Amino acid sequence: MPQNYVPIFIFIAFIAVMLPVTLLAAKLVRPDNPGKAKLMPYECGIDPVDSSRGRYTVRYYIVAILFVVFDVETIFLFPWAVQFKALGAFGLLEMLIFLLILVVGYIWIWKKGALEWV
Amino acid sequence: MLDYITSYLNSDTTPGSAGNMFWAFVYIILIFLGLSVAVIAMNWLERKILAHMQVRLGPMRVGPHGLLQPIADALKLLIKEDIMPSQADPLVFWVAPLMVVITSFTVFIVVPFGPTHAVTDMNIGVLFMLGVSSLSVLGVVMAGWASNSHYPLMGALRSSAQMVSYEIAMGLAVVSAVLMTSLNKDGTGTLSMIGIVQAQQSQQVWFIFKFFPLGLIAFFIFAVAMVAETNRAPFDLPEAESELTAGFHTEYSGFRWSLFFLAEYSAMIAVSSIAVTLWLGGWMRPFPNALSGETWDLVFSLVPGLTFLFLAAMTFYSTARMPKHPYFKVQTIGLGGFGAVLALIGVALFVPPVRDRIQDIFWFSAKVALSMYMYIWYRGTFPRYRFDQLMKVGWKVLLPLGIGVLVLTAIAGILF
C-alpha cells in the first residue's frame, strides 16, 4: 500500500514551505538592530570565558551507547509482539532466552556502575 | 474532478488508504490549523489553570479573563527582534527549529481521530510515531550546538540524554500494548493505530484494564516516560531556569523561539494521543459494550453538544459577573459573544449528520484533553527532579519495570 505513505511527503512539503514563509514574513515586520553586546552569547550579563564547545562529562556518551543497545532490543521485540499469539509458547520461550541474555548484560552494567550518574 | 472529491465521502477508509490525495491534503490543513488553535488554547489554559492552582488569577487584562493573551503574545513574538549570536553556526541555527517543528507535526499523520478520520493508516503506525517523534532530539541537539554558548549546549546534552533514556522504557511499554492486540482468533496483532483501537473494540476492553494491573502498569510507565520525553515538569531539567536559564533555546528569540514553543506543545499532544490510542480506547466512547443499544447511543451522542452548551453557560455566568463599570463594556460584550459562539457550536453538534460524524473526534479529543490537563497538574504539583535522580528513575526503575511487565503480560497472554 504505497499510497499510504504519500501523505507523509505532502505533509513535510507543506510544513517545509509554510515555516520559512512565516519566518520571512516575520522578517518584514520585525525590527533589525543588532549590536555587539546583543550578539554575544548569553551568560547572564557576564562576558563568556572560553569557547562553549569544550569538554563535557563522558557519561553522556555512555548513556548514548546504552541507548543504542536497548533501543535495538526494543525494536527486535516488535515483530514478536505482533505475531505473539501465533508463535505461542515456543515464541515466548525464545524471547525469554533473548531477554535473559539482555538482562545479564543489564545487571553487569548496573554492577559496573555505568548507570550511576554521580 | 468533482466525482473524485465526493467519492471519498462515502468510503470507509482513511484518505491515505483510499489514495485520495485531495482529502489527504484537506485533512493535513485541518490538522495544521487544529494544532495551532490547540497550542494557542493550551497556552491560555496552562497559565490560567496553573494560576488557579497557586491561588492567583493568571492573565486577566488582555481580553475578558485574559482570553486574548495568547494572541497578544503571538503578535509580540512576531514583531520582536530576532537575534542570531555572532558566534553561532547560521545554517544549523536556522534549521534546528524547523527540524523540531516538522518532526513534532508529522507525527499527526497517523493519529486516528476516528475510524476514518486520520490522514493515513499505515501498518507500521506506532513505529512511525515513535521513530519520528524521537527525531526531534536531533533538532534539540542542533539548536544547542549551533548556539555556541554554554547554557544551550548543557541544555541540549541533558535533553538528549534524558530523551534517549526514557525512550527505552516508552518502547517497552508500547511493545506490551502491541502484544495485547495479537490476543485474538487469528493470533496476529497489528501496529496500525486504527487497528489497535479496533483490537480494543473487539476484545471489549481498554488495554489499560487488560490483565489488571499489568495494563495499568504499562500505561503508568508510558505516562511517566512521555512527560520526560517532552521535557515537561517535573522532568524539565533541560530548561531548568534556575540552572540553565532556558536550556537549549536560550539563544533563540522572537518568532524562532515560538517555533520551539509550538513544537513542545504539539509533541505533548502527540505523545498523549499515542497513550490514548494504545491504552484508553482511542475514539471509542465510554462503555461501548456494557451500555450498548439505541438509547445509550443516543445519550452518548448528545454529550459533545451538551459539553459545549455547558461551556457556554459558564461563559454567560462569567459575563453576568463582569464588573458593571463602563470601562469593561467591550470586554463584557466580547465574553458574551464568545459564549454565544460556544452555544452555537453546541447547537450545531445536535444536528444528526454532524452529530454522527463528530462523535469519534470528540471522544478522542476529550481523552487527549484530559491527558493535557494531567501535564498541567504535574507542573503545578511536583517539584523538579535532580538530574541523577532522573537518570536513576529512567534506567533503574522504569526499564526493569518495563521488561517485567512485558514478560508477565506475555505469560498472561499464553495462559488466559
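So that the names make sense, note that chain A is the first sequence line, chain B the second, and so on, each numbered from 1. A quick note: this is a predicted structure, and the numbers were derived from the prediction, not measured.
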- Spacing of CD1 belonging to Ile75(A) relative to CG belonging to Leu130(B), to within rounding of 0.5 Å: 7.5 Å

- Do you know which of Ser160(B), Ser176(B), Ser147(B), Pro400(B) has the most heavy-atom pairs under 4.5 Å to chain A? Pro400(B)

- Message: Let me confirm one number: the CG-CD1 distance from Leu96(A) to Ile411(B), rounded to the nearest 0.5 Å.
- Response: 6.0 Å

- Message: Taking side chain as everything from C-beta outward and backbone as N, CA, C, O, which of these in Ile8(A) sits under 4.5 Å from a heavy atom of chain B? Side chain, backbone, both or neither.
- Response: both

- Query: What are the two closest non-hydrogen atoms of Phe67(A) and Val164(B), and how far apart are they?
  - Reply: CD1-O, 3.2 Å

- Item | chain A interface, residue from Val174(B), Ile83(B), Leu399(B) that has the most non-hydrogen pairs under 4.5 Å | Leu399(B)

- Query: Under 3.5 Å, is there a donor-acceptor pair between the side chain of Lys85(A) and the main chain of Gly413(B)?
  - Reply: yes

- Does some side-chain heavy atom of Ile403(B) sit less than 4.5 Å from a side-chain heavy atom of Tyr106(A)? no

- How about Phe14(A) and Phe25(B): are their ring centroids closer than 6.0 Å? yes

- Task: With a 4.5 Å cut-off on heavy-atom pairs, point out which of Gly394(B), Gly189(B), Ser134(B), Gly402(B) contacts chain A the most.
- Result: Gly189(B)

- Message: With a 4.5 angstrom heavy-atom cut-off, is it the side chain or the backbone of Leu87(A) that approaches chain B, or both, or neither?
- Response: neither

- Under 4.5 Å from a heavy atom of chain A, the part of Trp145(B) involved: both

- Are side-chain heavy atoms of Phe70(A) and Ser165(B) found at a separation under 4.5 Å? no

- Message: If you count heavy-atom pairs within less than 4.5 Å of chain A, which of Leu153(B), Leu172(B), Ile102(B), Asn148(B) leads?
- Response: Asn148(B)

- Note on the structure: With chain B, the option among Thr57(A), Leu92(A), Val68(A) that has the most non-hydrogen atom pairs under 4.5 Å is Leu92(A)

- Item | chain A contact via Leu390(B) - side chain, backbone, both or neither, heavy atoms under 4.5 Å | neither

- Task: Go through the steps for Leu23(A) and Leu98(B) under the test side chain to side chain contact (heavy atoms under 4.5 Å, CB included), then give the verdict.
- Result: CA-CA 10 Å; Leu23(A) 279 172; Leu98(B) 299 190; 4.0 Å; yes

- Message: Closer than 3.5 angstrom, by distance alone: can the side chain of Glu81(B) be matched with the main-chain N or O of Asn33(A) as a donor-acceptor pair?
- Response: yes

- Query: Is it the backbone or the side chain of Leu77(A) that comes under 4.5 Å from a heavy atom of chain B, or both, or neither?
  - Reply: both

- Task: Rounded to the nearest 0.5 Å, what's the gap from OG1 on Thr74(A) to CD on Glu167(B)? Could you check?
- Result: 9.0 Å

- Task: Would you mind checking which part of Thr22(A) comes under 4.5 Å of any heavy atom in chain B, side chain (CB onward), backbone (N, CA, C, O), both or neither?
- Result: both

- Message: Does any backbone or side-chain atom of Met18(A) lie under 4.5 Å from a heavy atom of chain B? Answer side chain, backbone, both or neither.
- Response: side chain

- Note on the structure: Ranked by heavy-atom pairs below 4.5 Å to chain B, first place among Leu28(A), Ile10(A), Asp71(A) goes to Ile10(A)

- Task: Might you confirm whether atom NZ of Lys396(B) has over 12 heavy atoms from other residues, nucleotides or ligands at distances under 6.0 Å?
- Result: yes

- Message: So which atom in Trp80(A) and which in Ala410(B) form the shortest heavy-atom distance, rounded to 0.1 Å?
- Response: CH2-CB, 3.8 Å

- Task: Go through the steps for Lys27(A) and Asp82(B) under the test side chain to side chain contact (heavy atoms under 4.5 Å, CB included), then give the verdict.
- Result: CA-CA 8 Å; Lys27(A) 204 178 178 115; Asp82(B) 196 350; over 6 Å; no

- Query: Which region of Leu115(A), side chain (C-beta onward) or backbone (N, CA, C, O), has a non-hydrogen atom less than 4.5 Å from a non-hydrogen atom of chain B, or is it both or neither?
  - Reply: both

- Can you tell which part of Met180(B) gets under 4.5 Å to a heavy atom of chain A, answering side chain, backbone, both or neither? neither

- Message: Taking CZ in Phe76(A) as the centre, count heavy atoms belonging to other residues, nucleotides or ligands within less than 6.0 Å. Is the count above 12?
- Response: no

- Apply side chain to side chain contact (heavy atoms under 4.5 Å, CB included) to Ile414(B) and Phe84(A), showing your working. CA-CA 9 Å; Ile414(B) 293 284; Phe84(A) 167 68; 3.8 Å; yes

- Has Tyr385(B) got more than 12 heavy atoms of other residues, nucleotides or ligands less than 6.0 Å from its OH? no

- Say you draw a straight line from CE of Met99(B) to CG of Leu19(A); how long is it, rounded to the nearest 0.5 Å? 13.0 Å

- Just how far is it from atom CZ of Phe78(A) to atom CG of Leu191(B), taken to the nearest 0.5 Å? 6.5 Å

- Item | Test log, rule side chain to side chain contact (heavy atoms under 4.5 Å, CB included), inputs Phe128(B) and Tyr5(A) | CA-CA 11 Å; Phe128(B) 177 82; Tyr5(A) 298 85; over 6 Å; no

- Against chain B, label Tyr60(A) side chain, backbone, both or neither, depending on which of its atoms sit under 4.5 Å from a heavy atom there. side chain

- Considering non-hydrogen atoms only, spot the tightest contact between Ile15(A) and Phe32(B) and give its length. CG1-CE1, 4.0 Å

- Which pair of non-hydrogen atoms, one from Val119(B) and one from Pro7(A), has the smallest distance, and what is that distance? CG1-CB, 3.5 Å

- Message: Can you give me the closest heavy-atom contact between Arg30(A) and Leu78(B), atom names plus distance?
- Response: CB-O, 3.8 Å

- Quick one: of Thr250(B), Leu157(B), Val175(B), who has the most non-hydrogen atom pairs under 4.5 Å with chain A? Leu157(B)

- Task: Specify which of Val132(B), Leu77(B), Val101(B), Thr181(B) makes the most heavy-atom pairs with chain A at under 4.5 Å.
- Result: Val101(B)

